[in-house]
Amino acid sequence: MKQSMIVVALLALAAPAYAQLGGILNKAQKIQEAKGKFDDLNVTEEEERTIGEQVSAKIRQRFGVVQDPAIHKYVTLVGTLIAQQSERPNLAWTFIVLDTDGVNAFASPGGIVHITRGALGLITSEAELAGVLAHEVGHVAHKHAVNAIRKGKAVQLGANETLSSRGPFLDKIANKAYDIVLENKFDRNDEMDSDKVSLTLAEKAGYAPGKLADFLTRLDERNKDQPASNGLFASHPDTQARIEAIRKQAGSRNGAVVEARYKAHVKYKPTPVTAIATVEDGASGLTGSTKAGDKKEDAKKEEEPKKKGFGLGGLKQAVAPEKQSAQVSASGGSRGVGPDRAAKGGSNPAPVKVSVSNADVAEFKRGVA
Ligand SMILES: [Zn+2]
């Protein structure tokens, strides 16, 4: 009784202070709104995650999710071990296995990393998986997608929009981020940066650094007969440059490869690149498929030349001009997307929730030997 009276009295005393604080906050918000017109891409960590969730939802819709908790748990353990070594260990890191034969990995802002069943099939050891996931963790840790949008001024506040109504604005960023992530439109410096992060994080976790290069080499070999204009993973000199840079940085440093545990957990077999079923651009994984090679429609829908990004497999922009024009004439002037990007996906976009504790990760790390 007495206590509650004191509380009431305190609240009464505090009320004017609250009102004052409210006024200050209002003023601060107005200043922020005015500033927002000029620097409107200062997204908060929470907003970054919101954007990432939207990007992930689209990726999951496009490729489907493998509805298997066991594979998700394994990939989450490797991924979490890696993410804990990063500059942003406390993000709600989430690892998702996409249900497609295409070989790919996508990093959503805010800490949602996707890797395809096809990539897991091509990877041969835990150190390689760690290397690929660490590359994607690098994109997230260094905010490459959001920064690319900011640098490109690709998204701006509309005339009647303010920072206090950020929903539609964040939607625009999310749409742009999806495009960047799906098409691997990171620029060369960001890719090189993520490769460096990959080395560092893999090594800190106890893995042999540079195994990412082994994976890229295998991918390059797999894609050697693909025309360079026809995919993210086509063989061309910049993939080699990237592989060489990784190998050089890794030098003679070594660590655990962990092949046996990988093979015990991952049973997927790689699908030959020519046997990957594809869908038309814009179609979700839910709808019909055509065989790889039937990609004229996809090609037409590619709006802009891929000058910048490169995915797991290499730079697209770096095709020598004479080589590129030869390809253009060979393919009737159309630009295709590769079978990995155009790959058909599974029908279920629902995330598979797994929980992994710090103790689980610590226990798991003891197997990195
Ligand atoms: Zn990348």
Side-chain angles (χ1 to χ4, degrees), residues 48 51-52 55-56 59 63 75 78-79 82-83 86-88 91 93 95-96 98 100 102-116 118-120 122-123 128-149 151-152 176-202 209-220 223 231-236 238-247 249-250 306-318 337-338 340-341:
E48 189 191 349
I51 291 163
V55 172
S56 176
I59 291 173
F63 293 107
V75 171
V78 178
I82 287 295
S86 79
E87 291 153 82
R88 303 179 78 189
L91 292 181
W93 290 96
F95 297 87
I96 295 171
L98 297 171
T100 174
V103 175
N104 239 321
F106 306 107
S108 246
I112 310 169
V113 174
H114 312 74
I115 186 163
T116 63
L120 293 178
L122 196 65
I123 288 169
E128 279 183 24
L129 173 59
V132 172
L133 294 178
H135 174 93
E136 301 304 324
V137 165
H139 282 313
V140 174
H142 291 171
K143 304 183 183 177
H144 287 156
V146 172
N147 286 342
I149 295 170
K151 276 185 268 174
K176 188 70 196 169
Y178 174 66
D179 187 42
I180 290 172
V181 170
L182 185 72
E183 306 289 356
N184 281 296
K185 281 181 185 163
F186 296 111
D187 70 26
R188 183 193 171 98
N189 290 340
D190 285 351
E191 290 297 348
M192 291 294 189
D193 181 45
S194 269
D195 283 346
K196 262 189 202 163
V197 172
S198 170
L199 246 82
T200 305
L201 302 190
K211 283 285 163 186
L212 176 61
D214 290 9
F215 173 69
L216 291 176
T217 302
R218 196 173 312 118
L219 196 55
D220 204 33
N223 291 329
L232 296 173
F233 305 111
S235 175
H236 47 66
D238 270 302
T239 309
Q240 283 307 317
R242 198 176 156 197
I243 290 167
E244 276 161 31
I246 296 169
R247 291 209 195 286
Q249 283 160 40
K306 295 294 186 331
K307 289 181 295 189
K308 285 207 158 178
F310 61 114
L312 285 169
L315 279 167
K316 284 169 292 184
Q317 82 210 69
V337 296
D340 291 316
R341 159 66 184 78

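We use all heavy atoms of the structure for the numbers below, so side chains are in, but hydrogens, waters and symmetry mates are not. Just so you know, ligand 1 is whichever comes first in the structure, and atom 1 is the first atom listed for that ligand. Residue numbers count from 1 along this sequence. Source: prediction; values computed, not measured.
Considering only residues two or more places apart in sequence or on other chains, His114 meets the ring pair (Phe, Tyr, Trp, His ring centres under 6.0 Å) condition with none of them.
Atom CG of Leu212 is separated from atom CD1 of Ile123 by 9.0 Å, given to the nearest 0.5 angstrom.
No salt bridge links Asp190 with Lys143; every basic N to acidic carboxylate O contact stays at or beyond 4.0 Å.
Using a cut-off of 2.8 Å, one finds that His144 contributes no N/O/S atom close to the Zn ion (ligand 1). The Zn ion (ligand 1) lies under 2.8 Å from an N, O or S atom belonging to Glu191.
Glu87 and His142 share a side-chain donor-acceptor pair at under 3.5 Å.
Rounded to the nearest 10 degrees, the angle NE2 (His135) to the Zn ion (ligand 1) to NE2 (His139) equals 100°.
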